[in-house]
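One structure is given below, encoded as structure tokens.
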Amino acid sequence: MDKEKIRGLLKEAEAKIGIAKGLNEVEKIKKEYLGRKDGQISLILRGLKDMKPEQKKEVGPMANSAKIEIEKMIKDKEEWFLLQGQEVAGFDITLPGSKTTTGHMHPIEIVRQELEVIFNSMGFDVIEGDNLVSDYYNFESLNIPPDHPARDMQDTFFIKGHKELVMRTHTSAMQVKIMEEREPPLRVVVPGRCFRNEATDASHEHTFHQLEGFIVDKNISISNLIYTQKMILKEIFKKDVKVRLRPGYFPFVEPGFELDCSCLICDGKGCPVCKGSGWVELIPCGMIHPKVLESAGYPKGKYTGFAFGLGLTRLAMMKFGIDDIRLFMDGDLRFLKQF
Ligand code: PHE
């Protein structure tokens with residue numbers, strides 16, 4: 001009797017699986033036949049132990065292969081639904097949608113994604129990197145030894161009980177780490193959060209965003225640096241901008257520069273934003289210091305490169321006309337909803 005029953009169950013299951021309209025239904029069928037507690041096939045399998053040996057010999061293999069067959073049919077059907085990309089049951093694509101409130105991107109994220117597209121198109125890889133880094137990568141590998149006065153330029157958050165760890169004070173902290181993992185030619189940008197233990201005011205915040213860029217290859221020169229910066233600014237501001245270089249000091253570049261661009265608000269004529277000078281300080285940059293390339297383990301003298309730091313937060317403030325940096329982190333919806 002059991003043999004016939006099994007045959008019947010198998011047919012029944014096959015038919016039901018055949019017309020199932022969604023993953024929910026398939027799940028139900030699975031339970032009905034294979035459910036551990038009272039699935040129909042499971043019950044027969046469980047009953048085997050009370051059967052006489054000859055009966056067991058006949059029913060056992062049949063029940064087992066029915067189980068395997070049903071499992072396979074169910075799996076195939078599930079895969080089919082998954083391939084369809086949607087469940088058919090309970091999902092009527094002709095129904096009008098119901099309203100949901102969705103969030104939107106933070107202004108910093110908007111600027112960051114725009115920049116990533118620009119840099120990608122110029123052949124740069126985007127690597128976010130870590131927020132918590134070793135003192136070595138944040139300072140020492142960048143030619144800033146302990147007790148060097150340059151450390152005072154960046155008030156640092158240290159981690160209690162872990163003297164060797166710091167919250168990165170600049171995205172430059174990723175330079176050597178990435179160089180260690182890659183051989184030149186290298187074109188990388190590192191966008192992300194940086195942290196400084198600063199008293200906050202309209203233009204200072206403990207958490208802000210930078211975008212580090214660097215190129216390492218044979219024969220990279222200052223002209224490459226200037227040209228690249230001009231191209232980047234042209235892409236960002238969608239017009240030609242004039243740039244000028246002034247000397248700037250950062251231990252990990254030599255020579256180091258402050259790259260200014262002609263004020264976009266007044267076109268260089270002089271206005272409150274550029275404090276009447278016609279220029280805004282925008283991109284600290286320079287030729288990567290040989291000591292940094294040495295930290296990375298590159299053969300002495302083989303490569304040169306340049307690095308630059310774009311203030312993402314600063315750029316977002318310029319782009320959207322935001323005059324208080326604290327607004328970015330406040331989480332005030334009245335501010336955030338404007339973008
Ligand atoms: N890391 C520097 C800062 O945060 C900026 C910088 C980056 C300067 C790259 C030179 C080259 O102030």
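Small disclaimer: the values here were computed from a predicted structure and weren't measured. Note that ligands are numbered from 1 as they come in the structure, with each ligand's atoms numbered from 1 the same way.
- Under the ring-ring contact (aromatic ring centres under 6.0 Å, His included) criterion, Tyr249 pairs with no residue at all, not counting sequence neighbours.
- Around ligand 1 you find Gln154, His170, Ser172, Arg196, Gln210, Glu212, Phe250, Phe252, Val253, Pro284, Cys285, Ala307, Phe308, Gly309, each with a heavy-atom distance below 4.0 Å.
- Aromatic ring centres of Phe339 and Phe320: separated by under 6.0 Å.
- In this structure, Phe335 has its ring center no closer than 6.0 Å to that of His106.
- With respect to Glu181 and Lys177, no salt bridge is recorded, no charged nitrogen being found less than 4.0 Å from a carboxylate O.
- Each of Arg246, Arg244, Lys275 was compared with Glu281 under the salt bridge (Lys or Arg N to Asp or Glu O under 4.0 Å) criterion, and only Arg246 meets it.
- Under the 6.0 Å cut-off for aromatic ring centres, Tyr298 and Tyr303 qualify, their centroids lying closer than that.
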